[in-house]
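Have a look at the structure below, then the notes.
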Amino acid sequence: MKLSRRQFIKRTAALTAASLVGIELPKSMKDAAQAADVDSWKPGVCRFCGVGCRVYLGLKGGKPVAIKGIPESATNKGYVCMKGMLFYKIIHHPERLKKPLYRERKDQPFREISWEEALDIAAKKFAEAVKNHGPNSVAYYGSGQALTEETYIFQKVMRAGLRTNNVEGNPRLCMASAVGGYLTSFGADEPIGSYADIEKAYCFFIIGSNMAECHPVLFRRVMNRKLSKPDEVKVINADPRVSPTSRIADLHLQFRPGTDLALLNAMAYVIVEEGLYDETFIKKYCKFKLGKPPKDVSFEEYKEFLKQYTPERAAEICGGNITPEKIRTAARWFAKSKATMSLWTMGINQRVRGVWANNLIHNLHLLTGQLCKPGADSFSLTGQPNACGGVREGGGLCHILPAHRPVKIDKLRHEVEDLWGVPRGRIPAKPGYHTIAMFRAVNEGKIKAMWINCTSPAQSLPNCDFYRKGLRRDDVFIVVTDIFPTKTTEVANLVLPTAFHFEKTGVYGCTERRSQLTVKVIDPPGEAKPEVWIVREWALRLAKELNDPVIKKCVEPFIGLEEGYELPKAIWEEYSQKLTKGRDNDLSAVTYEVLKQRPDGVQWPAPTKEHALKGGTYKKFVRGIDPLADKHAKGDDPYVFYGPAHKDHKLYIWLRPYKGAAEEPDAEYPFFLSTGRVIDHWHTSSMTGRIPELLRANPYAYVEINPKDARRLGINPNDMVEIETRRGKIVLPAKVYEGPIEGMVFIYWHDMHEERMANRVTKDAFDPGSKEPEFKICACRIRKVSGPKPLRPYVVGHKM
Ligand SMILES: Nc1nc2c(c(=O)[nH]1)N[C@H]1C(S)=C(S)[C@@H](COP(=O)(O)OP(=O)(O)OC[C@H]3O[C@@H](n4cnc5c(=O)[nH]c(N)nc54)[C@H](O)[C@@H]3O)O[C@H]1N2
Ligand SMILES: Nc1nc2c(c(=O)[nH]1)N[C@H]1C(S)=C(S)[C@@H](COP(=O)(O)OP(=O)(O)OC[C@H]3O[C@@H](n4cnc5c(=O)[nH]c(N)nc54)[C@H](O)[C@@H]3O)O[C@H]1N2
Ligand code: SF4
Ligand SMILES: [Mo]
């Protein structure tokens with residue numbers, strides 16, 4: 001059906017509005033999607049966010065023509081947002097990479113080469129680096145969007161094959177602080193509960209998350225819950241900006257960026273002062289902890305500590321609309337509701353105090369016992385579709401091996417070596433470079449060969465111009481596996497075209513510990529290949545180049561297997577059945593067969609087939625629900641916090657003081673600069689920028705400015721505004737509205753246009769614990785450079 005321009009705009013606007021506020025799509029639109037001229041519908045998972053919506057891909061004459069939600073799905077109940085509905089358009093996009101491309105030097109044009117040649121070059125360059133500069137001169141930088149099988153096989157070859165823990169990925173920019181928070185507070189990574197808690201919650205504490213745009217289908221569930229009991233269910237939103245999420249809030253707490261540590265401590269103060277805590281829960285399950293190395297302190301000492309954060313004092317620190325009374329109200333709603341669920345994302349994680357901010361949210365749940373019961377949970381939202389399953393669980397960060405095993409614990413490292421059948425001592429005992437350290441090492445010429453997979457750090461790293469200098473060095477060999485040309489392929493020597501979603505098979509593990517399978521239904525274009533094939537073939541060549549049988553051993557079980565299904569299946573079997581068995585994320589009964597029988601996926605732990613076939617574990621640590629809680633149980637307590645990082649099986653309430661951002665506004669740079677997302681685009685927009693409907697809905701990035709600041713600076717809507725920080729300058733059109741708090745500007749970072757690329761000005765300060773960068777806060781100055789200017793969307797174009 002060809003739409004007129006008017007019809008098109010109407011339809012796009014309706015869809016955006018619907019996905020934005022979670023309104024049910026008009027019936028005619030649903031019918032249109034369902035009745036699309038389709039031969040067959042193939043089930044799978046959405047390619048984009050961590051919600052993990054289940055979708056059908058519609059095929060007509062072998063071509064992808066539509067996507068619709070799967071009505072009986074546990075995650076999305078049939079709903080999808082615009083990105084989910086439209087990503088089939090990426091599959092046959094004319095700009096897809098179809099042939100391996102190579103150039104010796106980075107100022108040369110690329111030339112097409114064969115796979116044989118490409119794999120030989122990749123193996124030779126990595127082998128040369130290892131021979132001449134040692135194993136730590138090579139690195140892998142991956143993604144929370146790669147399939148679990150992909151991350152697992154890459155890291156196995158790097159660690160056991162090439163003997164380096166230089167294995168990192170974009171979840172360091174995203175979820176690392178949440179991981180740090182879960183490990184230090186609960187002793188175990190990942191949320192305890194599930195999305196199903198949403199329908200049982202009576203108070204939502206949404207902090208530093210714009211769910212309405214970033215987890216739209218989940219937000220819809222929150223909104224439905226609120227609408228189903230408008231007076232009983234309370235929604236608190238804490239964000240220095242009024243976002244579409246704030247619209248459903250009964251209470252919006254708006255404060256100076258970075259001050260939520262004071263707010264959270266003050267809420268704890270009120271809970272303690274007003275006796276709203278759950279003494280039994282605290283006595284039974286919690287300990288109070290202070291400092292590094294952590295020492296035990298008493299409840300009394302904690303109370304003393306909190307005296308620094310009276311609501312009056314916190315209101316002063318926080319500024320904005322925060323009053324002592326609002327803090328008290330928030331604390332009372334939180335503590336007194338029948339079940340409270342906290343939800344947060346990057347406003348909390350992307351901070352130099354990201355782990356502490358996570359701890360302080362968990363504290364509120366531990367004090368009040370708002371945990372483990374139906375509807376109550378401290379639930380960190382994961383951004384990417386497989387940051388949990390692939391990277392946090394699959395061994396995708398420099399300090400963790402598969403199945404939540406810290407690299408530096410000898411026993412666990414040796415366990416992995418034994419399971420892989422490689423000699424003990426093969427995996428180095430020292431963690432590798434974390435992301436920022438890794439790219440600094442590139443800048444310093446310490447890394448000689450780097451593999452970048454399914455991510456585009458040239459655009460997504462903070463202070464990216466600085467790191468692009470290193471990436472452009474001619475003595476650093478860079479391989480990029482992607483489906484499109486990006487800012488990162490611009491700095492590559494070797495670009496390898498990969499298969500996309502639905503063109504390969506594998507597992508995604510979403511926010512709620514749920515693994516779901518997507519099976520190949522269509523061939524990749526041209527010569528594009530699944531990553532698992534690429535890694536296997538590369539490793540076999542590496543083994544020859546380095547004359548090292550252990551490298552071959554890493555991929556030996558997979559030799560000769562057909563790459564579309566059999567190969568990922570064998571990799572998944574090794575990972576799930578061998579590596580996760582007996583661990584807290586036990587997936588040993590979760591085979592592809594089980595996942596096909598249970599298309600909704602399985603939530604770990606799932607140690608037995610019987611439990612897996614029932615869907616796994618809705619809530620961790622609860623006896624009668626979680627088989628591992630039953631296994632570890634000693635007394636009669638209903639909960640058993642067996643998390644591997646707390647041998648005492650206790651939950652920790654942390655004394656964490658308020659500390660501000662690494663770079664706060666001053667006389668020279670008087671504004672807070674924050675960055676984030678818009679509903680229609682995905683990160684660098686390499687994918688969504690190529691979907692016409694999404695590009696047209698949001699053709700370029702803009703800067704949000706508070707009307708008071710705009711008036712003072714003579715800035716009108718759509719004027720071109722320069723944002724300058726200590727790192728550089730960019731120029732964007734202004735959107736003037738009561739969004740960001742006065743003194744703060746907010747920019748969208750998807751735009752690839754050099755003049756509008758947000759990360760050219762952001763700061764690369766990072767949390768000392770999680771090493772996650774502070775994308776959310778730095779200091780800037782702004783000025784109007786001209787009136788409105790006609791802008792063109794940045795269309796990447798095939799420039800290879
Ligand atoms: N449409 C869309 N959806 C996505 C993505 C996408 O690119 N596009 N990406 C996915 C990924 S990987 C991620 S990580 C998530 C991110 O999801 P979110 O974290 O929800 O999105 P952001 O826009 O990065 O930032 C969220 C909010 O943090 C607020 N914030 C800034 N500073 C502070 C602060 O000091 N304190 C508090 N409390 N809040 C602050 C901002 O005002 C903003 O509203 O989205 C996922 N979903
Ligand atoms: N200023 C600012 N910067 C940020 C953030 C922020 O809030 N503000 N957020 C940070 C966060 S939370 C994140 S998660 C990162 C994300 O940053 P990136 O990971 O760099 O961004 P994406 O656009 O998701 O990159 C994914 C790439 O994978 C490619 N791709 C798609 N499918 C496949 C596939 O099947 N195989 C392969 N090999 N490639 C594929 C896409 O074309 C794209 O180039 O950005 C971080 N950067
Ligand atoms: S909410 Fe997330 S997972 Fe669901 S359709 Fe949208 S992008 Fe996909
Ligand atoms: Mo993310």
Side-chain angles (χ1 to χ4, degrees), residues 19 22 45-55 67 69 73 75-76 79-87 90 96-97 141-147 150 169-176 211 214-220 345-347 349-350 381-385 387 452-464 480-489 496-504 506 508 510-511 524 528 530-531 534 673-677 679 681-690 747-750 752 757-763 772-773 775-776 778 796:
S19 57
V45 191
C46 174
R47 167 62 183 70
F48 290 112
C49 86
V51 174
C53 296
R54 274 217 293 137
V55 296
I67 285 178
S73 149
T75 50
N76 56 318
Y79 290 94
V80 287
C81 74
M82 279 270 278
K83 296 183 295 303
M85 193 185 282
L86 291 171
F87 78 83
I90 294 169
R96 283 285 301 273
L97 294 166
Y141 184 70
S143 175
Q145 299 163 58
L147 295 162
E150 295 165 359
N170 59 10
R172 181 72 70 185
L173 311 177
C174 179
M175 300 313 300
M211 288 183 79
C214 296
H215 296 88
V217 169
L218 213 54
F219 182 72
R220 187 177 189 286
T345 332
M346 293 306 120
N349 293 351
Q350 291 174 336
L381 292 166
T382 299
Q384 297 178 91
I452 299 173
N453 178 46
C454 200
T455 177
S456 183
Q459 185 178 351
S460 58
L461 286 174
N463 193 10
C464 65
V480 175
T481 24
D482 204 298
I483 58 166
F484 283 126
T486 66
K487 287 283 164 192
T488 304
T489 57
L496 304 177
T498 72
F500 182 61
H501 213 59
F502 280 114
E503 297 168 353
K504 55 189 177 186
Y508 267 179
C510 73
T511 298
E531 286 85 333
I534 300 173
L673 169 65
S674 192
T675 61
R677 295 158 168 81
I679 191 164
H681 284 297
W682 180 257
H683 299 159
T684 63
S685 63
S686 75
M687 293 179 276
T688 49
R690 288 177 165 98
I747 55 181
Y748 294 91
W749 74 272
H750 58 267
M752 276 195 214
M757 238 170 73
N759 280 323
R760 299 184 58 212
V761 295
T762 52
K763 186 168 167 65
E772 176 161 344
F775 286 108
K776 284 291 173 275
C778 68
V796 189

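Here, residue 1 is the first one in the sequence, and each next residue gets the next number. Predicted, not measured: the structure shown is a model, and the values here were computed from it. Each ligand, and each atom within it, is numbered from 1 in the order the structure gives.
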**Study point:** Numbered atoms and elements of ligand 2 in range of Q350, under 4.0 angstrom, heavy atoms
**Key:** 5 (C), 6 (C), 7 (O), 9 (N), 10 (C), 11 (C), 12 (S)
Check your understanding: By number and element, which atoms of ligand 2 are closer than 4.0 Å to a non-hydrogen atom of W682?
Key -> 24 (O)
Review point. Which of the atoms of ligand 2 are close to K776, meaning less than 4.0 Å from one of its heavy atoms?
Key: 7 (O)
Check your understanding: Does Q459 have a heavy atom less than 4.0 Å from any atom of ligand 2?
Key -> no
Check your understanding: Is there at least one pair of N or O atoms, one from S685 and one from ligand 2, spaced under 3.5 Å apart?
Key -> no
**Study point:** Atoms in ligand 2 with a heavy atom of T498 nearer than 4.0 Å
**Key:** 34 (C), 36 (N), 37 (C), 38 (N)
Review point. What part of A499, side chain, backbone, both or neither, has a heavy atom within less than 4.0 angstrom of ligand 2?
Key: backbone
Practice item. Heavy-atom contacts with T486 under 4.0 Å: which atoms of ligand 2 show up? List them by number with element. Key: 44 (O)
Check your understanding: Q145 heavy atoms, cut-off 4.0 Å: which ligand 2 atoms fall inside?
Key -> 19 (O), 22 (P), 24 (O), 26 (C)
Check your understanding: Taking N or O atoms only and a 3.5 Å limit, does S686 qualify as a polar contact for ligand 2?
Key -> yes
Exercise for review: Considering only non-hydrogen protein atoms, determine which one is nearest to atom 2 (Fe) of ligand 3 and report residue, atom name and distance to 0.1 Å.
Suggested key: C49 SG, 2.3 Å
Point to revise | T455: numbered ligand 2 atoms lying under 4.0 Å from its heavy atoms | key: 18 (P), 19 (O), 20 (O), 25 (O), 26 (C), 27 (C), 28 (O)
Review point. Does ligand 2 have any atom sitting under 4.0 Å from a heavy atom of A387?
Key: no
Exercise for review: Examine K504 against ligand 2 and note whether any of their N/O atoms are separated by less than 3.5 Å.
Suggested key: yes
**Study point:** Part of C81 within contact of ligand 3 (heavy atoms, under 4.0 Å)
**Key:** both
Check your understanding: Near M687, which atoms of ligand 2 are under 4.0 Å from a heavy atom of that residue?
Key -> 31 (C)
Check your understanding: Which part of N759 is near ligand 2, with near meaning a heavy atom under 4.0 Å away: side chain, backbone, both or neither?
Key -> side chain
Review point. If we only count heavy atoms from C-beta on, is the M346 to F775 side-chain gap below 4.5 Å?
Key: no
Check your understanding: Would you say the side chain of K763 lies within less than 4.5 Å of the side chain of P462, judging by non-hydrogen atoms?
Key -> no
